[in-house]
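Presented below is the structure to which this report refers.
Source: prediction; values computed, not measured. Sequence positions, counted from 1, serve as the residue numbers for this chain.
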Amino acid sequence: MRTTRQDNDRLVNADHSVRFGLFDRPIERINLLDARPWGLPLPRPLRALRLKEWQAVQIVHDRYFVIIALFNAKSVGLVQVKIYDREERRKYMYERKVAPWSFRPADQLLDSRCAYEGAGARVAFTNRLAHDELALDVDIAATKDTPALRIALTAQTAGQTPMVVSIPFATTHGMYSHKGVVPVQGTLQVGDAPAATLAPGNACMMLDDHKGYYPWTMVWDWVTAGRWVDGELCGFNLTRNASIDPVMHNENAFWRGGRLHQLPAVRFERDEGSSPETWRIRDDAGLVDVRFRVEMDGRVELNLLVVESRYRGPFGHFEGTLRSLDGEELCVDGYFGMGEAFFLRM
């Protein structure tokens, strides 16, 4: 198993070297702009242009599955709210490309705010993990294609161990990520329908705070889901990204009752000819064997010669078993969540 680091006061040392590894609590200063990516003393504004940053959450409710994200690629910003009604099998989506200076990603989660407001939309993360709390406020005005969307939630992080990682893409640079599964309480409303009440037992939130110096081509595969099982909050995260050593540096784990259990490196296989389409995620030792059955697909493709993007973000059900490196086991039959197959060249 990977050793957990305790030096979470900063991510980059005074000599510009990056601290890589697994941390057991939030990073106090995510100072990746102090690093020297590619080993060069590039000007700080140029480093900032290459640092991709986002804060996002996924919310699983008995009826609704929700994705909320503020993504800053520095060339463009993206505000995204997706709500999938699992009963009606209908997806509502607000997505807007904005100027990269329209919102500022948080430099840490202990006491900060990341928010966008404009053009009839407000999406705001209030991060107070120093006080075991994260608040989310979403208010999207109705358009001709989408009803009004309103979400007001508070997540409680006390007693829930996060997965905080710093993963090398090279010896001089890489990515940071803070993920976790936490209980949530609040309301969600679609149009004029009665607001749904979200509370422990029927809803949970997956956290996804991320910053990285990616290559010119960004590629990853990812699945995640969460669920309450017999009064216990559970969830998992499986990723294959650009890590130069995925055995020692990965984002693979599951949570049960607030405890984090590490998983090995995994690989993704897709049978796009099956019905429903099935993704299979496995490792080399037989500890991970999970199938993801696509229920609602999502695709975005763009080819402008200089910029090429191929994105898939389907929703669906999981089945299978996860066995951790410390000997624990989690059955994921019936979990609902999402996957991503991401390619971006820019």
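Looking only at side-chain heavy atoms (C-beta outward), L287 and L322 stay at 4.5 Å or farther from each other. D208 places none of its side-chain heavy atoms less than 4.5 Å from the side chain of V57. H249 is not listed as a side-chain neighbour of I244, based on a closest heavy-atom distance of 4.5 Å or more. Between D7 and F23, some side-chain heavy-atom pair lies under the 4.5 Å cut-off. Under the 4.5 Å side-chain criterion, counting only non-hydrogen atoms from C-beta, M248 is not in contact with L22. Within the 4.5 Å cutoff, the side chain of M175 has heavy atoms near those of the E251 side chain. Side-chain atoms of Y64 and V190, non-hydrogen and from C-beta on, do get closer than 4.5 Å to each other. Side-chain contact between V223 and F236 is present, with at least one heavy-atom pair separated by less than 4.5 Å.
Environment of CZ in R104: sparse, with no more than 12 heavy atoms of neighbouring residues, nucleotides or ligands closer than 6.0 Å. Heavy-atom contacts from other residues, nucleotides or ligands closer than 6.0 Å to CG of D192 number 12 or fewer. Enclosure of atom CZ in R267 by more than 12 non-hydrogen atoms of other residues, nucleotides or ligands within 6.0 angstrom is indicated. Other residues, nucleotides and ligands place no more than 12 heavy atoms under 6.0 Å from the CZ atom of R89.
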Go through it in stages, so that I can follow the logic: the residues are S243 and N241, the test is side-chain hydrogen bond (donor to acceptor under 3.5 Å, both in side chains), and I'd like the CA-CA distance, side-chain angles, deciding distance and then a yes or no. CA-CA 6 Å; S243 172; N241 56 30; 4.7 Å; no

Please walk me through it: do V288 and L238 pass side chain to side chain contact (heavy atoms under 4.5 Å, CB included)? CA-CA 10 Å; V288 175; L238 299 171; 4.2 Å; yes

Problem - Audit row: Q160, R259, side-chain hydrogen bond (donor to acceptor under 3.5 Å, both in side chains) steps and yes/no - result: CA-CA 7 Å; Q160 308 295 322; R259 290 190 59 198; over 6 Å; no

task: Take S166 and R19 through the side-chain hydrogen bond (donor to acceptor under 3.5 Å, both in side chains) test and state the conclusion after the steps.
output: CA-CA 7 Å; S166 177; R19 298 175 182 176; over 6 Å; no

Next item on the list: Begin from the C-alpha positions of I68 and V138 and carry the test side chain to side chain contact (heavy atoms under 4.5 Å, CB included) through to its verdict.
Entry: CA-CA 9 Å; I68 301 163; V138 175; 3.9 Å; yes

Next on the checklist: Does R312 form a salt bridge (Lys or Arg N to Asp or Glu O under 4.0 Å) with E277? I'd like the steps, not just the answer.
Outcome noted: CA-CA 13 Å; R312 292 197 61 197; E277 179 185 337; 2.7 Å; yes

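A donor-acceptor pair shorter than 3.5 Å cannot be found between the side chains of T143 and D145. A side-chain donor-acceptor contact under 3.5 Å links N127 and Q55. Between the side chains of Q262 and R2, a donor-acceptor pair is found at a separation under 3.5 Å. In this model, no donor atom of one side chain and acceptor atom of the other lie less than 3.5 Å apart for Y94 and Q80. For T154 and Q185, the side-chain atoms include no donor-acceptor pair closer than 3.5 Å. Remark: the W222 side chain and the N237 side chain contain an N/O donor-acceptor pair separated by less than 3.5 Å.
Under a 4.0 Å N-O distance rule, the pair R128/D111 does not qualify as a salt bridge. Ion pair R122/D137 flagged as a salt bridge, since at least one NZ, NE, NH1 or NH2 atom sits closer than 4.0 Å to an Asp/Glu carboxylate oxygen. Between R280 and E269, none of the side-chain N atoms (NZ, or NE/NH1/NH2) sits under 4.0 Å from a carboxylate O, so this pair counts as no salt bridge. The existence of a salt bridge linking R63 and D85 is confirmed by a sub-4.0 Å separation between a basic side-chain nitrogen and an acidic carboxylate oxygen. A salt bridge does not link R323 to D289: none of the charged nitrogens lies less than 4.0 Å from a carboxylate oxygen.
Residues F292 and F65 do not share a hydrophobic cluster, clusters being chains of Ile/Leu/Val/Met/Phe/Trp/Tyr side chains in contact below 4.5 Å. If you chain together hydrophobic residues whose side chains sit under 4.5 Å apart, F20 and L51 fall into the same group. Put simply, V98 and L149 are part of the same group of oily side chains (I, L, V, M, F, W, Y) that touch within less than 4.5 Å, one to the next. Side-chain heavy atoms closer than 4.5 Å link hydrophobic residues (I, L, V, M, F, W, Y) into clusters, and following such links, possibly through other members, connects L70 to Y176. When hydrophobic clusters are built by joining Ile, Leu, Val, Met, Phe, Trp and Tyr residues whose side-chain heavy atoms come closer than 4.5 Å, directly or via intermediates, L78 is grouped together with M338.
R90 forms no cation-pi arrangement with Y84, by the criterion of a distance under 6.0 Å to the ring centre and an angle within 45° of the ring axis. Stacking of R47 on the aromatic ring of W38 is not recorded, the 6.0 Å distance cut-off and the 45° axial limit not both being met. The cationic atom of K74 (NZ for Lys, CZ for Arg) does not lie both less than 6.0 Å from the six-membered ring centre of W54 and within 45° of the ring axis.
D271 contributes no side-chain N or O that, together with a main-chain N or O of W279, makes up a donor-acceptor pair within less than 3.5 Å.
Using cut-offs of 30° and 60° for the angle between ring planes, the H173 and F169 rings count as perpendicular.
Atom OG1 of T224 sits about 8.0 Å away from atom NZ of K179, to the nearest 0.5 Å.
Here ring pair (Phe, Tyr, Trp, His ring centres under 6.0 Å) pairs that include residues 183-209, with residues two or more places apart or in two chains, number zero.
Evaluation of the salt bridge (Lys or Arg N to Asp or Glu O under 4.0 Å) rule for K82 yields no partner, not counting sequence neighbours.
When each of L33, D34, I27 is paired with N31, the side-chain contact (heavy atoms from CB on, under 4.5 Å) condition holds for D34 and for no other. Applying the side chain to side chain donor-acceptor pair (under 3.5 Å) test between H317 and each of E295, R293, R291 identifies E295 as the sole match.
The aromatic ring centroids of W220 and F268 lie 6.0 Å or more from each other.
Looking at every heavy atom in both residues, D221 comes nearest to R270 through OD1-NH2, 2.6 Å.
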